[in-house]
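Each remark here refers to the structure printed beneath this line.
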Amino acid sequence: MPILKETIKVDLGPRSYPIYIGKDFMEDADLLRPHIKGRQVVVVADENVAKLYLDSFCSNFRSEFELLEIILPAGEINKNLESFSLIIDNALGAGLNRNATFIALGGGIVGDVTGFAAACYQRGVRFLQVPTTLLAQVDSSVGGKTGINHALGKNMIGAFYQPEAVLADVATLDTLSKREFVAGLAEVIKYGLIIDRRFYQWLLDNIELLLARDFSALTWAIRRSCELKAQVVSQDEREIGLRAILNLGHTFGHAIENSFGYGYFLHGEAVAIGLVMSSALSSKRGWIEESQVEILCDLLDKIGLPSKLPEGVSPEDFMRVIALDKKSTDDGLRFILLRDIGEAVVASDVTPEEVLGLF
Ligand code: GLY
């Protein structure tokens with residue numbers, strides 16, 4: 001029996017949409033049906049999610065819609081032009097028209113590639129997100145960032161393209177490996193650090209419940225993360241200003257992912273190290289206490305997330321990759337730092353020496 005616990009609205013005028021959070025939606029797609037307009041539906045999943053959920057999810061639609069199922073190879077390494085082309089080729093091959101609806105069933109990688117394909121297919125078709133990882137439920141499925149990686153940088157090709165709805169089924173988190181699950185907690189912690197000190201304290205106090213995947217605790221963490229993200233995105237959809245704070249730890253994180261090769265670190269793991277590096281930089285500027293960096297490291301250790309770079313990373317190579325990141329501006333390196341716990345700021349004046357000082 002599906003349980004709808006929360007509905008959060010992303011307020012973007014005519015492009016506003018709901019985020020539904022609950023349990024056991026896979027067997028019942030009633031919530032999504034009103035968001036599908038045409039007769040043709042494409043469901044995209046990777047090979048792992050396909051085994052678990054594709055059949056039960058698609059069985060909701062088979063009798064009513066012309067259904068196309070597309071299975072992508074799994075992993076960040078496949079968030080690329082080939083996966084994008086696979087979707088477009090199949091959609092064109094099946095004769096899908098401009099009224100088709102694309103549904104991304106899976107984690108952030110499938111969501112990003114499918115969203116980008118939806119943005120481009122015949123100049124844009126309807127798109128729904130059904131995230132099945134914690135990271136996708138709290139972050140990547142919300143806000144309309146879609147895209148693929150390039151050998152020279154993560155997410156270097158993409159579009160802002162909002163979904164019509166997001167359906168986060170907390171029950172799908174039960175089948176995640178511990179590694180995948182905890183990677184999502186890095187993004188949850190990020191929200192506390194950037195914008196909600198009380199939420200951060202709640203996370204410190206309730207981490208054991210979250211690690212036990214307690215339904216109520218998880219629902220609250222997902223709800224609060226989505227609310228905070230929705231607030232930020234509603235004010236700055238295209239990251240002209242405020243939205244950049246959602247990238248706390250990501251400039252470092254993307255450089256880590258790129259330096260080690262996509263797939264070595266999960267995105268959330270790289271972000272976890274990035275959160276510590278950003279906090280350490282903030283502390284060196286005297287903005288937050290050094291003890292706060294230690295509290296964060298202890299939390300990540302308890303969760304089983306990395307808190308420092310592996311030995312042997314060359315600071316100079318690392319700086320070169322950072323310089324390529326799209327969060328750098330014409331003027332220099334741009335980082336999100338913490339003025340305080342719960343208060344992120346954009347700092348465009350970070351010097352290479354400050355970054356090198358972290359090694
Ligand atoms: N993950 C950062 C953003 O959506 O803006």
Side-chain angles (χ1 to χ4, degrees), residues 8-12 15-17 19 76 79 104 106-116 118-119 127 129 131 133-149 153-163 165-166 168 183-196 199 221-258 262 265-275 277-278 325-329 334-338 344-347:
I8 290 155
K9 187 176 172 202
V10 183
D11 213 337
L12 286 168
R15 280 168 294 101
S16 299
Y17 54 94
I19 305 167
E76 186 77 36
K79 187 175 153 182
I109 297 160
V110 163
D112 281 13
V113 183
T114 307
F116 185 47
F127 159 54
Q129 287 269 21
T133 64
L134 182 59
L135 190 133
Q137 293 184 356
V138 298
D139 189 49
S140 60
S141 67
V142 176
K145 278 193 180 174
T146 70
I148 54 178
N149 300 330
K154 196 174 153 74
N155 297 329
M156 285 290 153
I157 306 166
F160 287 99
Y161 196 66
Q162 301 295 339
V166 178
L185 288 173
E187 297 283 3
V188 178
I189 292 168
K190 173 193 81 177
Y191 291 110
L193 287 173
I194 60 171
I195 204 172
D196 189 344
F199 182 47
I222 295 166
R223 177 205 157 144
R224 191 67 193 135
S225 301
C226 287
E227 269 174 358
L228 293 168
K229 181 148 191 186
Q231 274 172 27
V232 172
V233 169
S234 300
Q235 292 173 66
D236 178 23
E237 182 184 6
R238 298 179 76 89
E239 204 173 302
I240 312 295
L242 176 72
R243 183 168 178 165
I245 66 168
L246 296 175
N247 296 322
L248 179 75
H250 283 61
T251 297
F252 289 120
H254 289 173
I256 293 165
E257 283 180 89
N258 194 306
Y262 296 125
F265 281 110
L266 295 177
H267 176 63
E269 293 169 339
V271 167
I273 301 170
L275 292 178
M277 294 181 87
S278 311
D325 191 274
K326 67 179 184 318
K327 286 159 197 73
S328 306
T329 61
R334 191 177 72 162
F335 285 87
I336 312 308
L337 298 180
L338 295 175
V345 289
V346 181

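All ligand and atom numbering here is 1-based and tracks the order in the structure. We number each residue from 1, following the sequence as shown.
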By salt bridge (Lys or Arg N to Asp or Glu O under 4.0 Å) - contacts of Asp112 (at least two apart):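 Listed in chain order: Lys79.
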Nearest protein heavy-atom contact for [atom]: which residue, which atom, what distance?
{"atom": "atom 4 (O) of ligand 1", "answer": "Lys229 NZ, 2.6 Å"}
{"atom": "atom 5 (O) of ligand 1", "answer": "Arg243 NE, 2.7 Å"}
{"atom": "atom 2 (C) of ligand 1", "answer": "Asn247 OD1, 3.6 Å"}
{"atom": "atom 1 (N) of ligand 1", "answer": "Asp139 OD2, 3.1 Å"}

Atoms of ligand 1, numbered as shown, that sit under 4.0 Å from any heavy atom of Leu246: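 Answer for ligand 1: 2 (C), 3 (C), 5 (O).
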Smallest separation among heavy atoms of Gln162 and Tyr17, with atom names: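 Heavy atoms only, the tightest pair is OE1-OH, 2.7 Å.
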Derivation and outcome, salt bridge (charged side-chain N to carboxylate O under 4.0 Å, His left out), residues Arg224 and Glu187: CA-CA 12 Å; Arg224 191 67 193 135; Glu187 297 283 3; over 6 Å; no
side-chain hydrogen bond (donor to acceptor under 3.5 Å, both in side chains) evaluation trace for Glu257 with His267: CA-CA 7 Å; Glu257 283 180 89; His267 176 63; 2.9 Å; yes
Location of contacts on Val233 toward ligand 1, heavy atoms closer than 4.0 Å: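 It is neither part, as no heavy atom is under 4.0 Å.
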Residue pair Val271 / Phe252, side-chain heavy-atom distance below 4.5 Å: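 Sidechains of Phe252 and Val271: no contact.
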